Amino acid sequence: MFKLNGTIFMPPLLTLIGIPGLESMQFWIGIPFCAMYIIAIFGNSLLLVIIKTEHSLHEPMYLFLAMPGATDIVLSTCILSKMLGMFWFHIPEIHFEACLLQMWLIHTFQFIESGILLAMALDHYVAICDPLRHASIFTHRLLTQFGVGVTLRAALLAAPCLILIKCQLKFYKTTVVSRTYCEHMAIVKLAAEDVRINKICGLFVAFSILGVDIIFIIVSYICIFITVFNLPKEARLKAFDTCIAHICVFLAFYLLGFFSFFTHRFGFHIPSYFHILLSSLYLLVPPLLNPVVYGLKTKQIRD
């Protein structure tokens, strides 16, 4: 590792220290995290198996439920494998390139999840506001195009942040990452160089995906609520019941995400361990909730 004027030139390894201030408790913190992971993997795998084996569920509405299930399995595995190695087996080191790969995978699958939530909101909008055209609009072909488009959008827009770190930032103040996983801003803050472009790029990517998605989801639900309130009471309750599972997952994903985002950047008086626990829960709670919420609220899956 080459050092120059107190900085480190292109470090080959980074050290994840987990949750600063709670190092002595990390072994025990790993137990509920592992339990959440096992439940998330089992629940999402079961959801995928049910949808695959039951031919009556081979409809766009249920295939939409399978997409976040697959995404959640990959996302939670990307995080927990290294986190538990650090908590239980004291393996904090990670190769710099592996850290960048983990960062790219986590952000890519976060963005894919956001795109799927948008697609599901549009599905509900058409189903409630224009039900006669729903079957002709939401075909298997459109579903495939949605999946490919959402995946490409996430992968391509997450890539510039990785490329800027790899190609632009050469000197680092430290190699210690105060996180349980590799995250864009946590790596950028290690640099001993001007990182304004990296910060601007991160904010632009976050807004162009998460910000745009949440705007369209909110507009979709405003239109849905306007339509629903003009329906008879029985039809109104049925429409709300159709949307409630998606609304719960939407709120869990975005509220935890934005709270973590703003406390990380502006919550200077909040203890660092709270930031890190919250950011970890933000990535672990939605994969845990998704199969539970969709399984309980979707009668065809529950039966």
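Values in this document were obtained by computation on a predicted structure and should not be read as measured data. Here, residue 1 is the first one in the sequence, and each next residue gets the next number.
- No more than 12 heavy-atom neighbours from other residues, nucleotides or ligands sit within 6.0 angstrom of CD1 on Ile197.
- Gln145 places no side-chain N or O within donor-acceptor distance of the main-chain N or O of Leu143, the cut-off being under 3.5 Å.
- Both Ile73 and Leu46 belong to a single network of hydrophobic side chains, linked directly or stepwise wherever heavy atoms of I, L, V, M, F, W or Y lie under 4.5 Å apart.
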Does the side-chain contact (heavy atoms from CB on, under 4.5 Å) test come out yes or no for Phe146 and Leu122, once each step is laid out?
CA-CA 11 Å; Phe146 260 131; Leu122 295 175; 4.2 Å; yes
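- Taking CD1 of Ile17 as the reference point, atom CE of Met86 lies at 9.0 Å (rounded to 0.5 Å).
- Residues Pro160 and Phe204 form no side-chain contact, since every pair of their non-hydrogen atoms from C-beta on lies 4.5 Å or further apart.
- Phe274 CZ to Leu278 CG: the interatomic distance, rounded to the nearest 0.5 Å, is 5.5 Å.
- Atom CD1 of Ile224 sits about 5.0 Å away from atom CD1 of Ile128, to the nearest 0.5 Å.
- A heavy-atom distance below 4.5 Å is found between the side chains of Glu97 and Lys166.
- Remark: the backbone N or O of Lys170 is paired with a side-chain donor or acceptor of Glu193 at under 3.5 angstrom.
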Go through the steps for Leu22 and Leu277 under the test side-chain contact (heavy atoms from CB on, under 4.5 Å), then give the verdict.
CA-CA 10 Å; Leu22 298 178; Leu277 277 173; 4.0 Å; yes
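- The heavy-atom pair separating Phe96 from Pro11 by the smallest distance is CB-O, 3.4 Å.
- By the 30° and 60° cut-offs, the orientation of the rings of His184 relative to His107 is perpendicular.
- From Leu142, atom CG reaches atom OG of Ser136 across 10.5 Å, with rounding to the nearest 0.5 Å.
- Minimum heavy-atom separation, Glu93 to Thr15: CG-OG1, 4.2 Å.
- Cluster annotation: Met83 is connected to Ile29 through the hydrophobic network of ILVMFWY side chains, with a link wherever side-chain heavy atoms come within less than 4.5 Å.
- Counting all heavy atoms, side chain and backbone alike, Val150 lies closest to Ile112 at CG1-O, 3.5 Å.
- Taking the side chain as every heavy atom from C-beta outward, Glu113 and Asp72 approach each other to under 4.5 Å.
- Between Ile165 and Val188, some side-chain heavy-atom pair lies under the 4.5 Å cut-off.
- When hydrophobic clusters are built by joining Ile, Leu, Val, Met, Phe, Trp and Tyr residues whose side-chain heavy atoms come closer than 4.5 Å, directly or via intermediates, Phe225 is grouped together with Val126.
- Of the possible donor and acceptor atoms, none in the side chain of Ser45 sits under 3.5 Å from a partner among the backbone N and O of Phe42.
- Nearest heavy-atom pair, Leu48 versus Ala66, reported as atom, atom and distance to 0.1 Å: CD2-O, 3.2 Å.
- Note: Phe9 and Phe171 meet the aromatic proximity criterion, with ring centroids under 6.0 Å apart.
- Val176 and Leu169 end up in different hydrophobic clusters when Ile, Leu, Val, Met, Phe, Trp and Tyr side chains are linked at under 4.5 Å.
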What do the steps show when you test Thr227 against Tyr125 for side-chain hydrogen bond (donor to acceptor under 3.5 Å, both in side chains), and what is the final call?
CA-CA 9 Å; Thr227 301; Tyr125 166 75; over 6 Å; no
Test side-chain contact (heavy atoms from CB on, under 4.5 Å) applied to Ile19 and Phe87, step by step
CA-CA 10 Å; Ile19 309 171; Phe87 284 176; 4.1 Å; yes
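- A 4.5 Å side-chain heavy-atom check between Ser76 and Ile41 finds at least one atom pair inside the cut-off.
- Looking at heavy atoms from C-beta onward, Leu117 lies out of side-chain contact with Asp213 at the 4.5 angstrom threshold.
- Ile200 and Phe207 fall into different hydrophobic clusters, defined by Ile, Leu, Val, Met, Phe, Trp and Tyr side-chain heavy atoms under 4.5 Å apart, directly or through other members.
- Residues Ser114 and Ile209 share a closest heavy-atom pair of OG-O, 4.3 Å.
- Without hydrogens or angle criteria, Lys82 side chain to Ile91 main chain gives a donor-acceptor distance under 3.5 Å.
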Go through Cys223 and Cys129 one step at a time and tell me if the disulfide bond (SG atoms under 2.5 Å apart) criterion holds.
CA-CA 8 Å; Cys223 296; Cys129 299; over 6 Å; no
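- Looking only at side-chain heavy atoms (C-beta outward), Val205 and Phe111 come within less than 4.5 Å of each other.
- Nearest heavy-atom pair, Leu281 versus Met36, reported as atom, atom and distance to 0.1 Å: CD2-CE, 4.1 Å.
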Checking Phe250 against Tyr221 for the side-chain contact (heavy atoms from CB on, under 4.5 Å) test, could you report, in this order, the C-alpha distance in whole Å, the side-chain angles of both residues, the deciding distance, and whether it holds?
CA-CA 11 Å; Phe250 163 73; Tyr221 271 102; 5.8 Å; no
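- Between the CG atom of Leu284 and the CG atom of Leu75 there is a distance of 8.0 Å, given to the nearest 0.5 Å.
- Residue His140 places its NE2 atom among more than 12 non-hydrogen atoms of other residues, nucleotides or ligands, all under 6.0 Å distant.
- In this structure, Phe138 and His134 have parallel ring planes: the angle between them is below the 30° cut-off, well short of the 60° mark.
- Using a 4.5 Å cut-off on side-chain heavy atoms (C-beta onward), Trp104 and Cys161 make no contact.
- Taken to the nearest 0.5 Å, the CD1 atom of Ile94 stands 9.5 Å off from the CG atom of Leu13.
- Using modelled atom types, one side-chain atom of Asn44 and one backbone atom of Pro287 make a donor-acceptor pair closer than 3.5 Å.
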